[in-house]
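Basis for what follows: all heavy atoms, side chains included, without hydrogens, waters or symmetry-related copies. Treat the numbers as computed from the prediction; the structure is a model and nothing was measured.
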Amino acid sequence: PISRRWIWAPIIAVVVASIVGTGLVVSGLVISGKDFPSMIQDDQIVSVISRECEIMTETVKSMPITGTPAEQARAVQDQDKAISNMLVEIRKVDDGVRSADPPTNDWLKDWDALIDAREAFAEQRANGYEADLRIPRAENGDAIEKRMDEVWLTDQACEVPDKLLNPYPEDISAT
């Protein structure tokens, strides 16, 4: 036999669970409709970026950086062309759409800065110098790839491939 007072425990638990569940659903709806000023959220932009980034990433993966310093420089430049092609396609999205989602243009500028740094690296390698790729820094001192990877609300629509941040080949003995 169970005391009559315990009969209220499951009823209270169900009521509390319902209130908490409703609160979570409402919070989720509010958050999903909220604009996060530091994140790229426009569906059209995210769709184009995802598609173009996948093409760029696969292209870059297929371009190993090997051989003499001059060959390594050409490979870096070829990878940079793949990045540039991606940026051209993304910039075809209407300016008004991109401007309405402000992090988009900043994100594109970060890619431009990365290309510039890689081009300086490639130039040094082409001239036969040992070179370090100096990844540009954000205003807070972090390397820009961190900021570039943090603009996505959900899945990574376009994560900066590690190969772009560390251009030296695995076997640099050909130098």
Side-chain angles (χ1 to χ4, degrees), residues 24-67 71-126 131-170:
L24 289 173
V25 168
V26 169
S27 296
L29 290 173
V30 168
I31 288 173
S32 69
K34 184 172 172 65
D35 182 34
F36 294 95
S38 64
M39 297 188 172
I40 299 174
Q41 294 173 265
D42 183 274
D43 291 336
Q44 178 185 0
I45 296 169
V46 171
S47 174
V48 171
I49 288 174
S50 294
R51 179 185 70 237
E52 295 303 321
C53 188
E54 185 175 335
I55 293 167
M56 178 275 298
T57 301
E58 291 304 314
T59 303
V60 165
K61 283 181 183 177
S62 72
M63 298 176 167
I65 300 175
T66 58
E71 291 168 334
Q72 291 175 21
R74 278 192 299 278
V76 168
Q77 291 166 336
D78 289 342
Q79 289 177 344
D80 290 346
K81 285 178 190 171
I83 299 168
S84 294
N85 292 339
M86 173 187 77
L87 299 179
V88 164
E89 292 303 313
I90 294 168
R91 286 186 168 117
K92 287 181 181 177
V93 173
D94 182 73
D95 284 338
V97 173
R98 283 189 286 124
S99 295
D101 202 350
T104 304
N105 288 325
D106 292 338
W107 182 81
L108 291 168
K109 289 176 189 171
D110 285 344
W111 277 104
D112 291 333
L114 180 59
I115 290 173
D116 291 345
R118 289 172 49 82
E119 287 298 319
F121 169 82
E123 185 176 322
Q124 290 178 335
R125 291 303 290 152
D132 290 325
L133 174 60
R134 293 198 172 102
I135 304 297
R137 299 261 173 213
E139 297 77 26
N140 67 0
D142 290 338
I144 60 171
E145 80 273 4
K146 181 177 178 189
R147 178 171 67 186
M148 293 164 74
D149 288 344
E150 289 178 346
V151 297
W152 309 111
L153 184 59
T154 55
D155 295 352
Q156 293 284 346
C158 188
E159 188 172 325
V160 180
D162 289 337
K163 195 170 194 173
L164 297 178
L165 304 171
N166 181 14
Y168 275 115
E170 290 75 30

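Between Leu133 and Leu165, the closest heavy-atom pair is CD2-O, 3.5 Å. When all heavy atoms of Ile83 and Trp111 are compared, the closest pair comes out as CG2-CE3, 3.5 Å. Pairing each heavy atom of Met86 with each of Trp107, the nearest pair is CE-CH2, 4.4 Å. Scanning all heavy atoms of the two residues, the minimum distance from Ile144 to Arg137 falls at CG2-C, 3.7 Å. The two residues Ala73 and Ala122 come nearest to each other via the heavy atoms CB-O, 3.2 Å. Of all heavy-atom pairs between Lys163 and Met63, the closest is NZ-O, 3.6 Å.
For the atom pair CD (Glu145) and CD (Glu159), the distance works out to 10.0 Å, reported to the nearest 0.5 Å. Separating the CD atom in Glu150 from the CD1 atom in Ile40 is a distance of 12.5 Å, to the nearest 0.5 Å. Interatomic distance, Ile45 CD1 to Leu108 CG, rounded to the nearest 0.5 Å: 9.0 Å. Note that CG of Asp43 is 10.0 Å distant from OG of Ser50, once rounded to the nearest 0.5 Å. Between atom CG of residue Asp110 and atom NZ of residue Lys146 there is a gap of 13.5 Å, rounded to the nearest 0.5 Å. Rounded to the nearest 0.5 Å, atoms CZ (Arg51) and SG (Cys158) are 12.5 Å apart.
Judged purely by atom type and a 3.5 angstrom limit, Arg118 uses its side chain to pair as donor or acceptor with the backbone of Leu164. Judged purely by atom type and a 3.5 angstrom limit, Ser62 uses its side chain to pair as donor or acceptor with the backbone of Thr59. Although no hydrogens or angles enter the test, the distance criterion places no donor-acceptor pair under 3.5 Å between the side chain of Gln72 and the main chain of Ile65. Remark: side-chain polar atoms of Asp101 are not paired, donor with acceptor, to backbone N or O of Thr104 under 3.5 angstrom.
Salt bridge present: Glu89 and Lys92 bring a charged side-chain N and a carboxylate O closer than 4.0 Å. The pair Arg91-Glu52 does not meet the salt-bridge criterion, since no charged nitrogen lies less than 4.0 angstrom from a carboxylate oxygen. A salt bridge links Arg98 with Asp95: the closest approach of a Lys/Arg side-chain nitrogen to an acidic carboxylate oxygen falls below 4.0 angstrom.
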- With side-chain contact (heavy atoms from CB on, under 4.5 Å) as the test, would you mind laying out the steps for Leu87 and Ile115 before giving the verdict? CA-CA 11 Å; Leu87 299 179; Ile115 290 173; 3.8 Å; yes
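Enclosure of atom CD in Glu119 by more than 12 non-hydrogen atoms of other residues, nucleotides or ligands within 6.0 angstrom is indicated. Around atom CG of Asn140, more than 12 heavy atoms belonging to other residues, nucleotides or ligands sit under 6.0 Å away.
Between Arg125 and Val76 the shortest side-chain heavy-atom distance does not fall below 4.5 Å.
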